[in-house]
Visitor: 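One structure follows; several queries about it will come next.
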Amino acid sequence: MVRFIIAAAFTIGLAACQTEEPPVVSLSSQNFNDTRIAKTLFGAAPDASPQGSQPFGSYSRGCQAGAQQLEETGPTWQAMRLSRNRNWAQPETLDYVRDLSRFAATQPGWAGLYVGDMSQPRGGPMLTGHASHQTGLDIDVWMLPPQRLDLTVAERESISSISMRRNAGAFTNDLWTPQHEAIVRAAASDPRTARIFIFPGAKVAMCNSATGDRSWLSKVRPWWGHHYHFHVRLNCPAGAAGCENQTPPPPGDGCAEAQEWVDRILNPPPPDPNAPPPTPRAELTMANLPGQCQAVLNAQ
């Protein structure tokens, strides 16, 4: 019974894509006394700031100046959930989406990519969902292979991606294809990529099937919830002095660590009776963000 409860809790954690990856800490050197809730302010910004393009801070404590909007429909992609207004990013990110979608369109059964959340017009914390996606350098790519790229706005609100997981994320299901692996491999092999987050079973499946150069696997990291989409995180663009890169992944292909995740899903450890209750995530205030984010928010 205990194992069932733990497994159920683990499944819920895998299904939730709200906390996402471990926060990268970024401290502001300005606005120490500004206690306004940042997500309320950045979530209300309808368009980008009229500034030069620049990411500031870290992926989970930052903002973006001069963002550009991904076209709602392109030759090999469609932006989804347009009502969220999260198809904004840095120019390098838009180039990346176009490049990866062109590759995806070469795969059998794929017309390109359905692109999920990127960032808000001025980045920053979101009203709902992600803890990251704040600097215009994160992209959610749907697992659903696009059969057509003429979806209406209404269809893009109602259609859903598909889950690739089985056994609470320990394994891939029969919807996972070599084309999914090829697209993830192409994404991870791009030198602009810092990380790819995907559910543990997919990482292990790719570890077991990858041949030849396996260096790309090091960037593919298991994380909760990423079975309807995989999450691409890009490195800071060259010359972006105010942008904080995430620590590079540890040496090796990461396959042993992914297998440990799977083992814990299949055989969850007993609960620690002395474990303290989880600490609720604190709301980010403007004081928690880089000082440049105040100027991004106020730019007219």
Side-chain angles (χ1 to χ4, degrees), residues 11-22 59-60 70 72 74 76-89 93-94 96-101 103-105 107 109-120 126 128-134 136-147 149 151 155-166 168-169 171-173 175-177 179-188 190 193-206 219-234 258 261:
T11 301
I12 292 170
L14 279 170
C17 188
Q18 295 194 6
T19 57
E20 294 201 349
E21 45 294 324
Y59 306 95
S60 57
L70 179 69
E72 294 179 2
T76 51
W77 76 85
Q78 282 202 287
M80 308 299 284
R81 302 291 191 266
L82 298 176
S83 63
R84 296 180 178 178
N85 200 26
R86 294 176 178 177
N87 58 326
W88 298 80
T93 308
L94 302 192
Y96 182 98
V97 169
R98 296 174 185 125
D99 292 343
L100 184 61
S101 69
F103 173 80
Q107 299 300 300
W110 291 69
L113 293 177
Y114 289 148
V115 181
D117 288 354
M118 299 199 307
S119 294
Q120 298 176 137
M126 295 183 178
T128 60
H130 315 278
S132 61
H133 289 255
Q134 295 189 25
L137 298 173
D138 292 290
I139 313 149
D140 284 348
V141 179
W142 280 26
M143 296 288 197
L144 178 66
Q147 301 298 307
L149 295 174
L151 298 177
E155 286 175 316
R156 286 185 246 191
E157 296 295 328
S158 60
I159 193 173
S160 294
S161 189
I162 53 176
S163 175
M164 298 284 109
R165 75 177 185 177
R166 179 167 57 89
F171 306 106
T172 56
N173 60 28
L175 297 176
W176 177 264
T177 66
Q179 290 74 42
H180 286 92
E181 178 171 336
I183 293 167
V184 172
R185 177 172 183 157
D190 192 306
T193 301
R195 289 280 201 288
I196 290 179
F197 300 99
I198 200 165
F199 69 100
K203 167 75 184 232
V204 170
M206 290 185 283
K219 295 182 182 179
V220 182
R221 314 305 297 185
W223 199 248
W224 320 101
H226 292 70
H227 55 102
Y228 282 94
H229 70 268
F230 65 91
H231 176 161
V232 179
R233 168 168 293 168
L234 302 185
W261 278 67

Visitor: Return the CZ to CZ distance between Arg81 and Arg156, rounded to the nearest 0.5 Å.
Guide: 11.5 Å

Visitor: Are any non-hydrogen side-chain atoms of Glu72 and Gln78 less than 4.5 angstrom apart?
Guide: no

Visitor: Check Glu157 against Leu82 and note the closest heavy-atom contact, atom names and distance.
Guide: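 That closest heavy-atom pairing would be OE2-N, 3.1 Å.
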
Visitor: State, yes or no, whether a side-chain contact exists between Gln120 and Met126 at a heavy-atom distance under 4.5 Å.
Guide: yes

Visitor: Determine whether the aromatic ring centres of His180 and Trp110 lie less than 6.0 Å apart.
Guide: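 Yes; Trp110 has its ring centre under 6.0 Å from that of His180.
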
Visitor: When you compare the side chain of Asn173 with that of His227, does any pair of heavy atoms fall below 4.5 Å?
Guide: no

Visitor: Mind checking salt bridge (Lys or Arg N to Asp or Glu O under 4.0 Å) for Glu155 and listing every partner two or more places apart, or none if nothing turns up?
Guide: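 Glu155 satisfies salt bridge (Lys or Arg N to Asp or Glu O under 4.0 Å) with Arg148 only.
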
Visitor: In terms of relative ring orientation, are Phe197 and His226 parallel, tilted or perpendicular, with 30° and 60° separating the classes?
Guide: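 Tilted, since the angle between the ring planes falls between 30° and 60°.
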
Visitor: Side chains of His130 and His231: closer than 4.5 Å at any heavy-atom pair?
Guide: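 Sidechains of His231 and His130: no contact.
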
Visitor: For residues Tyr228 and Leu144, determine if any side-chain heavy atom of one lies less than 4.5 Å from a side-chain heavy atom of the other.
Guide: no

Visitor: To the nearest 0.5 Å, tell me how far Thr177 OG1 sits from Ile183 CD1.
Guide: 7.0 Å

Visitor: From Arg98 CZ over to Thr76 OG1, what is the distance, rounded to the nearest 0.5 angstrom?
Guide: 10.0 Å

Visitor: Is the backbone of Leu234 close enough, under 3.5 Å, to the side chain of Tyr59 for a donor and an acceptor to pair up by distance?
Guide: yes

Visitor: Taking the side chain as C-beta and beyond, is there a heavy-atom pair between Val204 and Phe171 under 4.5 Å?
Guide: no

Visitor: Once rounded to the nearest 0.5 Å, what's the spacing between atom CD of Glu181 and atom OG1 of Thr172?
Guide: 9.5 Å

Visitor: Quick one, Leu113 with Val97, criterion side-chain contact (heavy atoms from CB on, under 4.5 Å). Give me CA distance, side-chain angles, the key distance, then yes/no.
Guide: CA-CA 9 Å; Leu113 293 177; Val97 169; 5.6 Å; no

Visitor: Grab the two heavy atoms, one from Ala258 and one from Pro200, that are nearest each other, plus how far apart they are.
Guide: O-CB, 4.4 Å

Visitor: Walk me through whether Ile159 and Met80 qualify under side-chain contact (heavy atoms from CB on, under 4.5 Å).
Guide: CA-CA 9 Å; Ile159 193 173; Met80 308 299 284; 3.3 Å; yes

Visitor: Within a strict 4.5 Å, meaning less than it, do heavy atoms of the Met143 and Leu175 side chains meet?
Guide: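 No, their side chains stay 4.5 Å or more apart.
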
Visitor: Measuring from Ile139:CD1 to Asn87:CG, what's the distance to the nearest 0.5 Å?
Guide: 12.5 Å

Visitor: Which atoms form the tightest heavy-atom contact between Lys203 and Val220, and what is the distance?
Guide: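 Smallest interatomic distance, heavy atoms only, reads NZ-O, 2.6 Å.
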
Visitor: Determine, using ring centers only, whether Trp142 and Trp77 are less than 6.0 Å apart.
Guide: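 Not under 6.0 Å, so no.
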
Visitor: Heavy-atom distance under 4.5 Å between the side chains of Asp140 and Val115, does that happen here?
Guide: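 No, every pair of side-chain atoms sits at 4.5 Å or beyond.
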
Visitor: Give me the atom names and distance for the closest heavy-atom approach of Asp117 to His133.
Guide: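 Between these two residues, the closest heavy atoms are O-CE1, 3.4 Å.
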
Visitor: Counting N and O atoms only, with roles assigned by atom type, does the side chain of Lys219 sit under 3.5 Å from a partner on the main chain of Ala187, one being a donor and the other an acceptor?
Guide: no

Visitor: What are the two closest non-hydrogen atoms of Ala111 and Ala105, and how far apart are they?
Guide: O-CB, 3.6 Å

Visitor: Looking only at heavy atoms, what is the nearest atom pair of Gly136 and Ser119, with distance?
Guide: N-OG, 3.1 Å

Visitor: Measuring from atom NE2 of His229 to atom CD1 of Ile162, what distance do you get when rounded to the nearest 0.5 angstrom?
Guide: 14.0 Å

